[in-house]
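Okay, structure first, notes after.
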Amino acid sequence: MGSLKRKSEGEEASSESLPQKQHKGDGSVMADEAVGCVHEVSYPDGYVPSTSSTVPADSKPAKEFPFTLDPFQSEAIKCLDNGQSVMVSAHTSAGKTVVALYAIAMSLRNNQRVIYTSPIKALSNQKYREFKEEFSDVGLMTGDVTIDPNASCLVMTTEIWRSMQYKGSEVVREVAWIVFDEVHYMRDRERGVVWEESIVMAPKNSRFVFLSATVPNAKEFADWVAKVHKQPCHIVYTDYRPTPLQHYIFPAGGDGLFLVVDEKGKFREDSFQKALNALVPTSESNKKRDNGKSQKGLVMGKVSEQSDIFKLVKMIIQRQYDPVIIFSFSKRECEFLAMQMAKMDLNDDDEKGNIETIFWSAMDMLSDDDKKLPQVSNMLPLLKRGIGVHHSGLLPILKEVIEILFQEGLIKCLFATETFSIGLNMPAKTVVFTNVRKFDGDKFRWISSGEYIQMSGRAGRRGIDARGICILMVDERMEPSTAKTMLKGNADSLNSAFHLSYNMLLNQLCCEDADPESMLRNSFYQFQADRAIPDLEKQIKALEEERDSMIIEEEDSLKNYYNLIRQYKSLKNDVRDIVFSPKYCLPYMKSGRPLCIQCIDDEKSPSFSIEDHVTWGVLMDFHRVKSVVEDDASRRPEDASYGLDILTRCAVSKDGLGKKKIKIVPLKEPGEPLVVSVPLSQVISLSSARLNIPKDLLPLEARENALKKLLEFISRYANGMPLEPEEMNIQSNSYKKAVRRLEALENLFEKHEIAKSPLIEQKLKVLNGKEELTAKIRSIKKTMRSSTALAFKDELKARKRVLRRLGYITSDDVVELKGKVACEISSADELTLTELMFSGIFKDVKAEEMVSLLSCLVWQEKLQDAAKPREELELLFTQLQDTARRIAKVQLECKVQIDVESFVSSFRPDIMEAVYAWAKGSKFYEIMEITQVFEGSLIRAIRRLEEVLQQLISAAKSIGETELESKFEEAVSKIKRDIVFAASLYL
Amino acid sequence: MRGLQLPLNQTQRIRLQRALEKLHSLSSKANSDASVTVADTIPVNYDDAFLKGHGTTELNGELVATVCGVVERVNKLVYVRALRARYKPEVGDIVVGRVVEVAQKRWRLEINFSQDAVLMLSSMNMPDGIQRRRTALDELNMRSIFEENDVVCAEVRNFHHDGSVQLQARSQKYGKLEKGQLLIIDPYLVKKSKQHFHYLEQFGIDLILGRNGFIWVGEHVEARDGMIVDQANNSEQSTVEKDQAYTPLEMRQNICRIANAVRVLSTLGFNVDADLIIETAELSSSLNIDIHDMLGSEFHVLVAEREAERRSLMTKRKR
C-alpha cells in the first residue's frame, strides 16, 4: 500500500516542537505540509501549551496496524497520543477509521470510556460489528436496539448521545474520547443541529475525534471546537486518494466513453467537446422537462433499441470495469433501471449457488409469510445474475444482504441511491452517475461538487484497482465550466444548519446548568457569524473608499436629474404594463400589425437617455406560454404568459458551443430576417395599421420582402401611426394618473439645466455606479447588524412566548408539567404530541387506533394518491389536524415564522390504514397490499413509531397516568413483531 | 394560624391574624375549593376524556383523591398536589441530602423521600477530574469522597422500576457541602425555580434550596472544582462544629442570620425563595434584631405583616 508518502524524520521533529512556534495572532500555526496531508492546530485564546506530554515518547502505541500508515493517519494518531482532539478530513476511502480504531484502543488501554457516534442506525450496526470483532468490550445503542450499554466502547447514533447528555448518565462522566464519524452531517438541514448540541454539551474534560469528508473549512470547525471546549484541536486534512480517479462522460444516445479528467486531475477540454457533440439531440427534450419526471432521457422513447444504461453496463462488463455502482437519485428509478438489466447475467453457476445460500440463510429469520413478500422473492433472481438494488425503500434485511453480497464481490452491478455513498467502506471499481441533475425538493439542479466527491469516493478499490473510474451520463448540454466545477470543484463547506426546536429549548431549560442562550452563543452558527464580521467590515471599507473616490461635478443637480430619469422610467413602465396587459392589447394582436419593440442589450448596462432603443417588427402570431422555461434567462417568468412571434431583423451569431445566439437589431443594420418569439413585455407600441404579409414565410426572399414593406411603412409614417391608448379603450384610473404624472415629468426634463450639459451620458453612468455601491454598502451593513446580535435571539424569544402561552413554562422560565412531557418527546413533533396527550384523545381510543394516529406524526413522505383512511381514523386525523392548526396559530401569534397550512399538512394520514392493520395483527404482506409505499419506508416509520411510543411511556409515567402508560405499552407489544423489528444482520 | 406554635401576646396575635387574613384574601380564589383530603371525590366531567395523574384513582366510577392536597388541572389532566407530605422527587430536581450509608459502588442518601436515594459512584465526578471508568480502587476510596453524615447536593436523575430514585452530580458544583447549616423544612415550601443555587454576595454565603426541603446555608465556595481541597479537609470531621475554626465569626453570624430567616419563613408557611430570604434577613439587620431574637414572636409578626403588604402591592401593580 501507499507507503511512499512517509515523511522524513526531520519533519517529524519539527512538528514536535510545534507549540513553541505558536503565533500570537489567531493562535494557530501551520505545522508542516507533508506530501498529501496538511496538519494545523487551533488553540483556544490564552492557551498555554504544556511542555510535558501526557504520554512518554517511548511508550508503546495503543494499537499497531499490520500495514504502513498513510501520513495523515500517523499524523492524526500522534495527536491522539498527545491526548489532544483531532479533526480528520479526508475522502471516504482514505481510511479514516484507522484513527477511530486507535482512539478506541487507547481509551480501552487507559480504562476510559469511548463513544463512537454515527449519523445512521445502519452504519452504527455495521461499526458495532466491526469494533466488536476487534475489541470485544463494545456496546451498541440505537433507537432500535441496546446491547451491553455498560461496555467501555459504546457505538450509538448522535441523537442517542445527545439525549444521554441531556438526561445525564454515568457514561457522560466516564467518557474520555468521543468519536464523531461523518461529522459533515452537521450541515444537514434537519438533523445537523444535533451534532452542534452534542459537541457544545460534551463533557468539559473529554477529547474528540472528528472524522469528516473533505471540507474546505475544517480549520474553522476546529477553531470553534477549540473555543467552545478551551482545548487545542488539530486538523489533519488530506485530498489524497489511495486510488486515483478517471472521470469519463457517457453522452446519452452515444456509444462511447470520453475521458474528461484524467488521473492527474487534468480537465480535457477537447474530449469534453467531443463528448457533447456525440450527444444525440433528443426530440422530446422539451417534453421531458415539462413532466419533470426523473427518468428523463434515459429510457424514454427508446423502447425499440437498447437503453443507454444497458449499453453502458454492457460496455463496463466487456472492459472489465466491474464491480460497478450506479447512482441515481430516486428509488423508483433505481428499480426501474435494474429491471432493464433483466437480460444480463453476470455471474457463473458457482457464484449463483453462493448467493442463494447467503440469501436464504439471511432470510431464515423471517417467517414463511414474509419470505413470500414480493420484494424478497423478486430480488433473488436479480441478485443471482449479479445485479443488486440498494435504496432506503428496501426491507432493511434485504439491504443488508445486498451489502454483504456486494462486499463479497458477488454483485457486479449495483443500482443505488445516494445513501450508499455514506458510511462503511464498500468500494467498487467503477461508479456511474445516471443523472447530472438532482431534484432537491424545489427544483432540478446540477449535482454539487461535494456530492460528486462523496459519491465518486466509492470508485476504486484500494490495493486492487490501479485507478477508479467515474462515468457521468450526460443527457443535456452543459457548459465546460459547469462540468469542471462539478468534476473538479471543491468539497462543500461545513456550514452550520443550526435551528431551534422546542424540545431543545425545554431540555436546556430543565437543566440547572444549561440555558438556551449559552447554547446559542456557543453554536457553530454563531461562531461562523461572528467570524464573518471582520470580513464584512473590510468589504464595507473597500466599497466606501471606492465610492468616495468617484468624483462627479455638479453632483447634486446631476443626482436630481438621475432621480427624475428613474422615476420617469418606472412610470413609463407602469403605463406600458397597463396598456399591454393581455386584457387590453390582445384584441389588437393580429398578424401583419407592425409593432415597436425594445432591443435588449446583452450587457445589462442601463441606459440613461429618455429614448429607448427600439426597432420595428411585424407581428405574425401570438401564443400562450404555458410553463416557464428555466434556462432562458432573458425571458422573465412574470411576463412570459404570452409570447409573440415577430418577424424582424436579427443578428445571428454562433458562440463556442455552436449554440445559436439571436439578437434583435435595428432594421437597417445587417442581419437576417427571422421570426423570433418575444415576450409581451418587450413591446413598446402597436401600430394602428396592418401590413399585408404573405402566409408562407419559409423562403428567405419572402421574409426579406416583408421586412422591406415594413421599412417602407416606417419611412412613410415616422412614428408608425401608433395605436393610441384611447383607441384601445383603456379606462383605468391608475392609467390616467400615471399618464398625467408622466407628462409633468417630461416638462421637468425640458427645464432641467443639466440636461443640456455635455457628456451627460457618461456622468450618469458614473453616478449610477455610485448609487449601486451605496445600496450594496447598506445591505452589507444590515447583515452585519443582524449577525452581531445573538443569532436566533428573536426566534428564541418568540418560541419561549409560545411555550408560555401553551403552559409549558412559567413566566420565570421554569418548566411545568407539560414542558416535562414535551422534553421526553424527540422523535416527533413535541408540541403537537404533548397537546394531543393532554387533550385526552389517547384515553378514548383503542390502542390500534392510537398507533394509527401516531403514524401521522412519523410519516413524512408524500403520497400523491393515497386512499383516505376509514371514518374512525379519519375522525382522529381531523382531531390531530385541529390540534396542529391551533398550535401553529399560537406560534404565528407569538411571531414564530411558520406557515400554518403547511405545518398542518406536514402530518400525513397516508399510512394510517396500514399501521392500523399492522397493530391489529395483520401479516406484513397483507399491509403491503393496502398501501403503495416502499416496504423499507414503512418499516422505518413503524420503528420510529415505536420510538415515539417509548417516549410517550416515560411521559405518561412522569404525569402519573398509569392507565395510559399501560396502553402505550400494549401498543408497543402490538407493533413490535416479525419482519418490522427483525434484528440487523450485523448484530 | 393552625399549627403555628408561637408564644404570642394579645396585640401580636391580632396583628398576625390580620396579616394572615389579608394574605388569605389575596391568594388566588380559583384553588380555594380545590383542596381535598384522602377519598374525597374530585369533580370531573365524566363524559369527556380526562387523564388522572398523581394522587388520584378511580373508585366505583368516581375519581377520588389518594392524598391530601390541592387539585390541579392541566388541560384534561387532573392530579392532586400533596402538601405537607414527604418529598416526591421529579427528574431534574436539585436536592440536598445526607449520606446514611456507603454501600457497594453507591451512597445512600436521606432526602425525605419514602426511600433512600441512591448516588452511584459512577454518577460522581472523580476527585482527579479525569474522565475515566471507576476502578476497584476508587470503590475502596469512596469514603474519601463522602462518608456517613456528609451533606451532599445532587440532581434527581431517574427512577428505577421499584420507584427508588437515583441521583447524579452533573458538574463540579454538586457534591459535598461544608461549613454551613442544613435546615429541614416542608418540601412544598420550596417551589421549583430557574435557580436553586444562590450566591448571596452581600453575605458571602451559598444558599442551596433543595427541592426536598433540605436547605443549605454555607460559606461561599469558589467554583467547586477544587475537589482536592475537599480531600485535604477530609482528615477533619466535616461536621459544622469542627469546621468552625476555619470560618470567621462574621461569616458564622451571617450563616445563622440567613438560616433563621429561612426558619421564620418556614414557620409562617411562606414559600421560601432567595429574594424573600434576603429580604427577611435584611429586615432583621435593619431593625437591629439579634440573630437569636429572629426566632421570637415579634419578628414573625413583622415578617408576616411585611409579606402581606408586599403581596398586596404586587396584586395592585398587576391590576
Side-chain angles (χ1 to χ4, degrees), chain A residues 107-108 110-113 150 152 165-177 203-207 507 509-515 806-807 809-810 812-818 820-821 823-824 834-835 837-845 954 956-964, chain B residues 48-58 66 72-81 88 90-94 105 120-126 128-135 138 154-159 161 166-174 191-197 225 273:
Chain A
S107 305
L108 294 181
N110 299 348
N111 200 12
Q112 293 166 320
R113 274 202 205 242
N150 284 319
S152 294
Q165 287 180 306
Y166 275 131
K167 293 227 174 83
S169 152
E170 60 261 44
V171 177
V172 179
R173 230 155 276 102
E174 294 180 347
V175 63
W177 286 90
K204 288 292 157 256
N205 291 321
S206 53
R207 297 282 177 269
N507 269 313
L509 288 172
C510 268
C511 278
E512 172 90 12
D513 301 329
D515 71 306
L806 292 171
I809 56 175
T810 65
D812 313 319
D813 288 352
V814 178
V815 177
E816 296 259 50
L817 192 66
K818 267 169 118 176
K820 281 251 167 70
V821 168
C823 259
E824 304 278 351
T834 310
E835 289 298 317
M837 183 151 158
F838 277 94
S839 74
I841 185 172
F842 297 141
K843 200 71 183 283
D844 288 336
V845 296
S954 52
K957 205 179 267 169
S958 74
I959 61 170
E961 170 56 286
T962 42
E963 258 175 57
L964 202 56
Chain B
D48 227 7
F50 62 89
L51 302 165
K52 48 186 189 344
H54 293 294
T56 61
T57 192
E58 223 170 75
T66 56
E72 300 270 357
R73 290 162 203 266
V74 181
N75 296 14
K76 294 282 171 62
L77 175 73
V78 182
Y79 68 97
V80 180
R81 186 165 51 86
K88 191 154 185 327
E90 278 174 42
V91 174
D93 280 355
I94 310 294
K105 288 190 192 166
M120 299 294 291
L121 173 61
S122 53
S123 301
M124 268 304 297
N125 291 298
M126 293 309 286
D128 53 9
I130 294 177
Q131 300 268 347
R132 59 181 171 82
R133 303 216 70 170
R134 284 20 169 182
T135 59
D138 291 322
E155 185 190 318
V156 176
R157 186 182 139 204
N158 60 358
F159 297 94
H161 286 295
Q166 219 182 57
L167 305 179
Q168 63 170 345
R170 226 182 240 276
S171 64
Q172 299 289 6
K173 72 178 178 185
Y174 300 90
K191 283 273 168 302
K192 188 156 177 78
S193 67
K194 190 85 197 91
Q195 276 294 324
H196 286 268
F197 288 82
D225 47 353
D273 66 50

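By convention in this document, chain letters (A, B, ...) are assigned in the order of the sequence lines, proteins followed by strands, and residues within each chain are numbered from 1.
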Handout entry: Test side chain to side chain contact (heavy atoms under 4.5 Å, CB included) applied to B/S122 and A/R173, step by step
Key = CA-CA 7 Å; B/S122 53; A/R173 230 155 276 102; over 6 Å; no
Nearest-0.5 Å distance, [atom1] of residue [X] to [atom2] of residue [Y]:
X: A/C510; Y: B/D93; atom1: SG; atom2: CG; value: 10.0 Å
X: A/S954; Y: B/F159; atom1: OG; atom2: CZ; value: 12.0 Å
X: B/H54; Y: A/L817; atom1: NE2; atom2: CG; value: 7.5 Å

Problem - Top contributor to chain B interface from A/S206, A/G840, A/A956 [non-hydrogen pairs under 4.5 Å] - result: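 Between A/S206, A/G840, A/A956, the count favours A/G840.
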Please look at [X] and chain B and tell me whether the side chain, the backbone, both or neither of the residue comes under 4.5 angstrom of a heavy atom of that chain.
X: A/K843; result: side chain
X: A/I959; result: both
X: A/S152; result: both
X: A/D812; result: backbone
X: A/E824; result: neither

Practice task
Would you indicate whether the side-chain heavy atoms of A/E816 and B/V74 approach each other to under 4.5 Å?
Solution key: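 A side-chain contact under 4.5 Å is absent here.
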Considering all heavy atoms, the nearest [X]-[Y] contact:
X: A/K820; Y: B/E90; value: NZ-OE1, 2.9 Å
X: A/F838; Y: B/L51; value: CA-CD1, 3.9 Å
X: B/K194; Y: A/L509; value: NZ-O, 3.3 Å

Handout entry: Proximity breakdown for B/I94 and chain A, heavy-atom pairs closer than 4.5 Å
Key =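 The side chain, not the backbone.
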Exercise for the section: With side chain to side chain contact (heavy atoms under 4.5 Å, CB included) as the test, would you mind laying out the steps for B/N75 and A/E835 before giving the verdict? Expected result: CA-CA 9 Å; B/N75 296 14; A/E835 289 298 317; 3.5 Å; yes
Problem - B/K76 NZ: over 12 foreign heavy atoms closer than 6.0 Å - result: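 Yes.
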Handout entry: Check: B/K52 main-chain N/O paired with A/E961 side-chain donor or acceptor under 3.5 Å
Key =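 The answer is yes, because a donor-acceptor pair under 3.5 Å joins these two groups.
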